[in-house]
Amino acid sequence: MAEQYKGVPEGASAVIPRLVCRDVEAQIEFCCEALGAVEALRRPGPDGRAAHAMLKFGHAMLMLEAEWPTLPSRAPNTDGSSPVVIYLYVEDVDATVERALKRGGKLVVPVETHFWGDRMGWIQDPAGHMWTIATRVEVTTEDQRRERWSKTMAEKS
């Protein structure tokens with residue numbers, strides 16, 4: 001059981017990413033249908049459409065927020081760049097990425113197995129947020145990871 005920090009509500013993560021979206025409702029749908037999130041809370045904005053939502057991925061939490069003119073945060077750039085990438089562990093990375101692509105996601109980095117034991121790929125969701133989707137397929141030791149990393153770097157030089 002993880003230690004509970006003072007000031008953190010019971011059941012909440014100490015760190016909760018917040019994704020700013022142009023269309024919170026569409027983002028809720030994508031995250032739930034493609035990535036396996038469970039909607040825990042939805043609040044409407046002045047126009048009646050969702051302005052805030054809380055999603056759960058197992059014990060992890062993710063907030064979705066609409067853009068607000070009085071706040072400096074904005075949805076991702078339309079050029080496809082993003083300073084933030086969410087790393088999400090799932091039971092089956094291949095199936096999850098396939099669902100994401102069928103629901104409008106874009107493949108950025110193909111799914112493959114990496115030296116540290118994760119099989120992973122990158123997608124960009126329809127709103128422009130970047131996701132690394134991964135499944136742990138091999139438990140590795142620090143010595144194995146160090147050796148494999150050294151070998152990978154030697155092959156690149």
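Residue numbers start at 1 and run along the sequence shown.
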N/O donor-acceptor pairs under 3.5 Å from side chains in residues 44-51, not counting sequence neighbours:
from  : atom 1 : to    : atom 2 : distance (Å)
Asp47 : OD1    : Arg49 : N      : 2.9
Arg49 : NH1    : Glu25 : OE1    : 3.0
Arg49 : NH2    : Asp23 : OD1    : 2.8
Arg49 : NH2    : Asp23 : OD2    : 3.4

### Summary
Sequence neighbours excluded, the answer for side chain to side chain contact (heavy atoms under 4.5 Å, CB included) partners of Lys106 is Gln124
### Query
Distance only, no hydrogens: is a donor on one side chain within 3.5 Å (strictly under) of an acceptor on the other, for Asp79 and Ser81?
yes
### Query
Can you name the residues that form a side-chain hydrogen bond (donor to acceptor under 3.5 Å, both in side chains) with Ser73, not counting sequence neighbours?
none
### Query
Who passes salt bridge (Lys or Arg N to Asp or Glu O under 4.0 Å) against Glu147, sequence neighbours left out?
none
### Query
Residues two or more places apart in sequence or in another chain: which of them pass side chain to side chain contact (heavy atoms under 4.5 Å, CB included) with Glu142?
Arg145, Arg146
### Message
List the residues meeting side-chain hydrogen bond (donor to acceptor under 3.5 Å, both in side chains) with Glu98, not counting sequence neighbours, and say none if there are none.
### Response
none
### Task
With sequence neighbours excluded, tell me which residues meet side chain to side chain contact (heavy atoms under 4.5 Å, CB included) with Val85.
Trp122, Met130, Thr132
### Query
Which pairs with one or both residues in residues 61-73 pass salt bridge (charged side-chain N to carboxylate O under 4.0 Å, His left out), sequence neighbours excluded?
Arg18-Glu65
Please report, to 0.1 Å, the donor-acceptor pairs under 3.5 Å made by any side chain of residues 110-117, with sequence neighbours excluded.
from   : atom 1 : to     : atom 2 : distance (Å)
Thr113 : OG1    : Arg119 : NH1    : 3.4
Trp116 : NE1    : Asp118 : OD2    : 3.0

### With sequence neighbours excluded, residues passing side-chain hydrogen bond (donor to acceptor under 3.5 Å, both in side chains) with Glu29
none
### Task
Indicate yes or no for a side-chain donor-acceptor contact from His129 to the backbone of Ala75 under 3.5 Å, with no hydrogens or angles considered.
no
#### Entry: Partners meeting side-chain hydrogen bond (donor to acceptor under 3.5 Å, both in side chains) with Glu138 (sequence neighbours left out)
Arg148
### Task
State the CD1-CG distance between Ile133 and Leu88, to the nearest 0.5 angstrom.
4.5 Å
### Message
So, using side chain to side chain contact (heavy atoms under 4.5 Å, CB included) as the criterion, who are the partners of Ala34 when residues are at least two apart?
### Response
Phe30, Ala100, Arg103
